[in-house]
Undergrad: 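Please read through the structure below; I'll follow up with questions.
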Amino acid sequence: MKYDKLSSVADEFINHEEILSTLEWVEANKENKALIESIITKAEKCEGIDHREAALLLACTDKELIEKMFSLARRIKQKFYGNRIVMFAPLYLSNHCINGCVYCPYHAKNRSIPRKKLTQEEIAAEVIALEAMGHKRLALEAGEHPTMNPIEYILESIKTIYSIKEGKGAIRRVNVNIAATTVENYRKLKEAGIGTYILFQETYHRADYEALHPTGPKSDYAYHTEAMDRAMQGGIDDVGIGVLFGLERYMYDFIGLLMHAEHLEAKYGCGPHTISVPRICPADDINPDEFANVISDEIFEHIVAVLRIAVPYTGMIVSTRESAKVRAKVLQLGVSQISGGSRTSVGGYTHEERDEETTQFDVSDRRSLDEIVGWLLDLGYIPSFCTACYREGRTGDRFMSLLKRGQIANCCQPNALMTLKEYAEDYASPAVKTKIETLIAKEINNVPNIKIRERAVENLKQIALGNRDFRF
């Protein structure tokens, strides 16, 4: 098949021959310092680079050039995202699954993991626990099972989540990470008010993908890979992609990931809203040492930096799979969203002991949300609980247009500070609240538009008086 990023056929927009050709070109040019420097110079325009150029930057081993890339990634991150870090938490609804994914403990043949599906009452309890922490944004997770986890269950769960208002808490944005589905079901998810639809490819190498997914609906490579096209056709214009680094050679999947982003941009006028960069890690019935392509921290950091250079407008997510040390490094290099206080099990927020029984993967960063907020503040970041763009209709190409024109700061900066102020008033420990007040006093001056800044100052005063949910 030919390479065609405008095609909606998986093997054409993620073209195996094009990836192999790119890898050959990279191998021939990886010592070409002048070419690499010219790509870095081009990337300084903050307009992105293509998958071939990015792959060459990732293959580079020259320490001086790598430091130039890291420096550029930091500048691009600051230009488009400032010091803001969006906070979220996963919510696992069910671990019933009929797929045979060999890297996931939820695979159908695993008899050691207890199976659990939350009732709507249990979901409400989980949401109350999450709201009590201070969370406003969730990522909904569920295994693929046509009778245990049908689309009707997911839709009912979303309705339940949005209905729960505990004290001054509320979940304002539900992102959804469920199996590939139909255009009709994506329309239903859109109508239910979801934020971003997230689906990881795991690997873009078709043969390895099929070996890793021997049974179940997920074994259909084309149907899975073309899911974002159906989501876009169903009206969901904020989609999130990602691979599970460690399943395949990282260079292959890195190229495939960027080709997927290029396809969405070319076909629909808007690339992915987010890119996630999970690495395979230990879990029940899963030993990452059995996978030959596990990547080091150094390579992982290099991947994050080059992704930030290649897709400067795209949000980047890292979960509590990673340690605090690694997360601190990649926050500088490009990551704009992190989870906090996460439980990766079904019912883990209300029954913490269940987190050891039904967890999908081991959590490296087990700090509470308040500890992570305090840590981010100490590092000079603004923890943001903002969901305004989604609720104001700034999604898809409308969001990207504001970001590319540098206007998003007039929304994101005050919204981040106002939601952080809510967190300070309602949930923060005394020490963290003091840190927040100090940061807000400094950062409010960085709102570019004077009139918006003045309104934000007044809104901050209103939040201190007990009013909530101001947004630009």
Undergrad: What I want to check is whether the side chains of Thr314 and Arg308 have a donor and an acceptor closer together than 3.5 Å.
TA: no
Undergrad: Looking at residues at least two apart in the chain, or sitting in another chain, which of them share a side-chain contact (heavy atoms from CB on, under 4.5 Å) with Glu392?
TA: Arg394, Arg471
Undergrad: Do we see a donor-acceptor contact under 3.5 Å between the side chains of Asp237 and His273?
TA: no
Undergrad: Can you establish whether the number of heavy atoms outside Lys165 located under 6.0 Å from its atom NZ is more than 12?
TA: yes
Undergrad: If we ignore angles and hydrogens, is there a donor and acceptor under 3.5 Å between the side chains of Ser368 and Asp370?
TA: no
Undergrad: Verify whether one side chain among Thr395 and Asp238 offers a donor that lies under 3.5 Å from an acceptor in the other.
TA: no
Undergrad: Evaluate the criterion side-chain contact (heavy atoms from CB on, under 4.5 Å) for residue pair Asn293 and Tyr250; output intermediate values, then yes/no.
TA: CA-CA 7 Å; Asn293 298 299; Tyr250 71 89; over 6 Å; no
Undergrad: Under the criterion salt bridge (Lys or Arg N to Asp or Glu O under 4.0 Å), which of Arg391, Lys168, Lys136 is the partner of Asp469?
TA: Arg391
Undergrad: If you measure only the distance, is there a donor-acceptor pair under 3.5 Å linking the side chains of Gln462 and Asn459?
TA: no
Undergrad: Can you see whether Tyr103 engages His213 through a side-chain donor-acceptor pair at a distance of less than 3.5 angstrom?
TA: yes
Undergrad: Would you please classify the geometry between the Tyr252 ring and the His205 ring as parallel, tilted or perpendicular, with 30° and 60° separating the classes?
TA: tilted
Undergrad: Under the 6.0 Å and 45° cation-pi test, does Lys116 pair with Tyr92?
TA: no
Undergrad: Cut-off 3.5 Å, side chains only: do Asn175 and Arg173 have a donor facing an acceptor?
TA: yes
Undergrad: Classify the ring geometry of His260 against Phe13: parallel below 30°, tilted from 30° to 60°, perpendicular beyond 60°.
TA: tilted
Undergrad: Compile the donor-acceptor pairs under 3.5 Å between side chains in residues 374-383 and protein atoms, sequence neighbours left out, one pair per line.
TA:
unit_1, atom_1, unit_2, atom_2, d
Asp378, OD1, Lys435, NZ, 3.1
Asp378, OD2, Lys435, NZ, 3.1
Tyr381, OH, Gln332, N, 3.4

Undergrad: Between Tyr197 and Asn177, do the side chains contain an N or O donor and an N or O acceptor separated by less than 3.5 Å?
TA: no
Undergrad: Measuring from atom OH of Tyr204 to atom CG of Leu247, what distance do you get when rounded to the nearest 0.5 angstrom?
TA: 12.5 Å
Undergrad: Of all heavy-atom pairs between Tyr209 and Lys218, which one has the smallest distance, and what is that distance?
TA: OH-O, 2.5 Å
Undergrad: If the condition is side chain to side chain donor-acceptor pair (under 3.5 Å), which residues does Thr160 pass it with, not counting sequence neighbours?
TA: Gln120
Undergrad: Strictly by modelled atom types, are Glu210 and Ser219 linked by a side-chain donor-acceptor pair under 3.5 Å?
TA: no
